[in-house]
Amino acid sequence: MSDKIRVRYAPSPTGYPHVGNIRTALFNWLFARHHGGSFIVRIEDTDVARTVEGAVEAILDGLRWLGIDWDEGPEVGGKFGPYVQSQRLDKYKAAAKKLIEQGDAYYCYCTPERLDEMRNEQMKNKQPPGYDRRCRDLSVPESTLKWMSGMKRVVRFRTPLAGKTAFHDIIRGDVSFENSTIDDFVIIKSDGFPTYHLASIVDDHEMEITHVLRAEEWLSSTPRHLMLYKAMGYKPPEFAHLPMLLGTDRSKLSKRHGSVSIIEYKEQGYLPEAMLNFLSLLGWSLDGKTELMTVKEIIKNFTLGRVNSTGAIFNIEKLDWMNGVYIRDLKIDDFSQRVVPFLERDLPPDVKRPLSLDYIKKIAPLVQERVKKLNEIAELTEFFFIDNLEYDPNILVAKKTTLETTKVILETALKGLDELPEFSEESLETVLRPMAEALAVKTGQLFGTLRSATTGSEVAPPLFQTMAVLGKERCMKRIKEALAVLDKAKDKTAG
RNA sequence: GGCGCAUUCGUCUAGUGGCCUAGGACACAUCCCUCUCAAGGAUGAGAUCACGGGUUCGAAUCCCGUAUGCGCUACCA
């Protein structure tokens, strides 16, 4: 590995950026950065029918969000460009032409219908499905005649009928396949576009890729790629097939397992640094003990030797925990700023926008250690932003107290607060704690009732801090409203 | 069906022949702290290392077989 390492991430823009895919990108990037090599992004848009508009942008956004930067590729260019396969068709055509001329590939005129029929027949007879090589030995005149008559054709690779194709996978060790189990696969489709097999080997060669790190699902097609490298006279790169990301049922992670797009995780309020840390631990480990690491530390320690070969279930509970750790670790100003877009998005529409950053900075410390995801914050802090609380009288009355005592509690508190010269966490505590004793109720009962009155909820951040942020005026107003609600409830029970 | 890869607590993993009566983390349980919720601290439960054979003085670790899971088997990547 003394030569400069060059790796690539080659997504196909057929939809949202899947986390499994992004994990592959991450491992490539970590590997490149660890070794001081280059990380290249190449768009593999050779399937015209499945290409989705906006997918490229979404994929690049996902990478940018995580802080994965690329040295060559879309937007940044590079000396091996273009980095979009649909703009490199001439290269694949030239490669196919060379293969045909050498006798390593041939035109096939079989129709999709015929191939379908053939496969069904093979399945019915419990034969391994595969192309029956009908066009393999078509003579040049025969082929030309079919072409002139307007028949569609593809180009297939002439797979050796015997022998073995063996290679060394960095993660899995020595792997070998019988050539007889590999059929004559298509390299150029009838629309003139190459298949992945041809396009990737041509590009990997031209872009001087030294290591191909991709998901395990590609392991079985590696012998095809090796055959192509050999036929083209190219030196193949090293291969490392990464373990796959699995859903909870151990099948390949997909939409039906829940959120799979990296963008969805961003929108739910996962921190990119937490996501990156978590993803890096799916199939790789430092020592089995160290789990919380900065990107720098991960890069410093990332080696293929510590990548394991077993598929990993995407365990969202652990991600949630880790995200909570990262949230708690944030400096308060940083945390406040990250919270802003989530509050802007999630708070009720009648809350006036734009929100005040100064006000958010006061609220933020109260919830920072209470959330695992940023999208939980709006619900937790809504009472700081809305004008009118809706009280459930039941939550105002603390456990083991009566409606009457509750009224006394609120009235006493109201008086006590009114006399407070200064409305701060400390002053509130000094006046409220003795008040419980004077009222002969437990602090929990007093604080609970006040919490419900000032926040409208039984669960909220610590009382004194919360009230201090709310301010004297709002607290008093809310306590009065609570009292009114209590009166109404009393009338109802009486009447 | 064929071919390939994989198999350590529910989950992510450590382990590369003796340090393993298998370690860490998440989740879970109990307790402590406590104005609720969190956070934090402590403790605990949880794995006959898929199974069966070998090799070896000694195996989670090496070999073989079986089972199971997953992947591929497209003019998708």
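Protein chains get the first letters and strands the later ones, always in sequence-line order, with residue 1 at the start of each.
- Between A/K252 atom NZ and B/G4 atom P there is a gap of 20 Å when expressed in whole angstrom units.
- When heavy atoms are screened at a 4.0 angstrom cut-off, A/M123 is found touching no nucleic acid atom at all.
- Within the nucleic acid shown, A/E458 comes within 4.0 Å of at least one base atom, counting heavy atoms only.
- Distance CG (A/N277) to P (B/U13): 14 Å, rounded to an integer number of Å.
- Under 4.0 Å is where a charged nitrogen must lie from a carboxylate oxygen, and between A/D184 and A/R133 at least one such pair does.
- One P atom belongs to B/A67, the other to B/G52, and the distance between them is 15 Å to the nearest Å.
- Between A/R119 and the phosphate of B/U73, there is no side-chain N or O to OP1/OP2 separation shorter than 4.0 Å.
- Counting any heavy atom pair closer than 4.0 Å across all strands shown, A/K164 reaches no nucleic acid atom.
- For the ring-ring contact (aromatic ring centres under 6.0 Å, His included) test, residues two or more places apart in sequence or in another chain that qualify with A/F385 are A/Y359.
- Across B/C49 and B/C20, the matching C1' atoms stand 10 Å from one another, rounded to whole Å.
- B/C32 and B/A22 are spaced 30 Å apart, taking the C1' atom of each and rounding to whole Å.
- A/P461 comes within 4.0 angstrom of a nucleotide base, judged by non-hydrogen atoms across all strands.
- For B/C75, the OP1/OP2 oxygens have no side-chain nitrogen or oxygen of A/R114 closer than 4.0 Å.
- Between B/U43 and B/A60, the distance separating the two P atoms is 29 Å to the nearest Å.
- Nucleotide B/C49 forms a pair with no other nucleotide shown, judged by Watson-Crick or G-U wobble geometry with both contacts under 3.5 Å.
- Heavy atoms of other residues, nucleotides or ligands lying less than 6.0 angstrom from NZ of A/K362 number 12 at most.
- Nucleic acid contact for A/E291: base, since at least one base atom lies under 4.0 Å from a heavy atom of the residue.
- Going from atom NZ of A/K372 over to atom C1' of B/G40 covers 13 Å, rounded to whole Å.
- The residue A/S220 sits close to a base: some heavy atom pair falls under 4.0 Å.
- Looking at A/T181, its side chain has no donor and acceptor atom pair within 3.5 Å of the base of B/G2.
- Side-chain to base pairing of A/K318 with B/A25: one donor and one acceptor N or O lie within less than 3.5 Å of each other.
- At a threshold of 4.0 angstrom between heavy atoms, the contacts of A/D169 with the nucleic acid are absent.
- Nucleotides B/C19 and B/A59 are separated by 11 Å at their P atoms, to the nearest Å.
- Base pairing analysis places B/C31 opposite B/G41; the two distances defining the Watson-Crick or G-U wobble pair are each below 3.5 Å.
- One N or O donor and one acceptor, one from the side chain of A/R451 and one from the base of B/C35, sit under 3.5 Å apart.
- At a threshold of 4.0 angstrom between heavy atoms, the contacts of A/S190 include nucleobase atoms, whether or not backbone atoms are also involved.
- Within the 4.0 angstrom heavy-atom criterion, no nucleotide atom of any strand lies near A/G324.
- B/U21 and B/U48 have their C1' atoms separated by 13 Å, with the value rounded to a whole Å.
- Rounded to whole Å, the distance from OH on A/Y326 to P on B/C26 is 14 Å.
- Atom CE of A/M275 and atom CG of A/L319 lie 5.0 Å apart (nearest 0.5 Å).
- Look at CG on A/N308: it is 20 Å from P on B/C49, rounded to the nearest Å.
- Atom CG in A/L463 sits about 17 Å away from atom P in B/U34, given to the nearest Å.
- Contact check on A/D116 versus A/R119 returns a salt bridge, with a Lys/Arg side-chain nitrogen under 4.0 Å from an Asp/Glu carboxylate oxygen.
- Among the atoms of the strands shown, base atoms are found under 4.0 Å from some heavy atom of A/A460.
- A distance of about 15 Å separates the P atoms of B/G69 and B/U8, rounded to the whole Å.
- When heavy atoms are screened at a 4.0 angstrom cut-off, A/T290 is found touching no nucleic acid atom at all.
- Between A/F167 and A/F177, the ring planes are parallel. Angles under 30° get that label, and only those over 60° would be called perpendicular.
- By the neighbour-count criterion of 12 heavy atoms within 6.0 Å, atom CD of A/E437 is sparsely surrounded, having that number or fewer from other residues, nucleotides or ligands.
- The base of B/C5 has none of its N or O atoms less than 3.5 Å from a complementary donor or acceptor on the side chain of A/R172.
- At the heavy-atom level, A/F464 lies under 4.0 Å from base atoms of the strands shown.
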Please tabulate, for the side chains in residues 17-24 of chain A, all donor-acceptor contacts under 3.5 angstrom to protein atoms that are two or more places apart in sequence or on a different chain.
{"residue": "A/H18", "atom": "ND1", "partner": "A/G20", "partner atom": "N", "Å": "2.8"}
{"residue": "A/H18", "atom": "NE2", "partner": "A/L253", "partner atom": "O", "Å": "2.8"}
{"residue": "A/N21", "atom": "OD1", "partner": "A/Y9", "partner atom": "OH", "Å": "3.4"}
{"residue": "A/R23", "atom": "NE", "partner": "A/L282", "partner atom": "O", "Å": "3.0"}
{"residue": "A/R23", "atom": "NH1", "partner": "A/P243", "partner atom": "O", "Å": "3.2"}
{"residue": "A/R23", "atom": "NH2", "partner": "A/P243", "partner atom": "O", "Å": "2.8"}
{"residue": "A/R23", "atom": "NH2", "partner": "A/L282", "partner atom": "O", "Å": "3.1"}
{"residue": "A/T24", "atom": "OG1", "partner": "A/G20", "partner atom": "O", "Å": "3.3"}

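- Rounded to whole Å, the distance from CG on A/D287 to P on B/U16 is 13 Å.
- Rounded to the nearest Å, the gap between the C1' atom of B/C9 and that of B/G4 is 29 Å.
- Taking atom CG of residue A/L219 and atom P of nucleotide B/G71, one finds them 14 Å apart after rounding to whole Å.
- The residue A/T248 sits apart from the nucleic acid: no heavy atom pair falls under 4.0 Å.
- OP1 or OP2 of B/C75 has not a single side-chain nitrogen or oxygen of A/R50 nearer than 4.0 Å.
- Pair check for B/U36 finds none; no Watson-Crick or G-U wobble contact set falls under 3.5 Å.
- In this structure, the nucleotide among B/U36, B/C70, B/U73 sitting nearest to the side chain of A/S251 is B/C70.
- Pairing of B/U68, defined by two Watson-Crick or G-U wobble distances under 3.5 Å, is identified with B/A6.
- Base pairing of B/C62: its partner is B/G54, meeting the Watson-Crick or G-U wobble criterion (both donor-acceptor distances under 3.5 Å).
- In this structure, A/V371 reaches neither bases nor backbone, as no heavy-atom distance under 4.0 Å exists between it and the strands shown.
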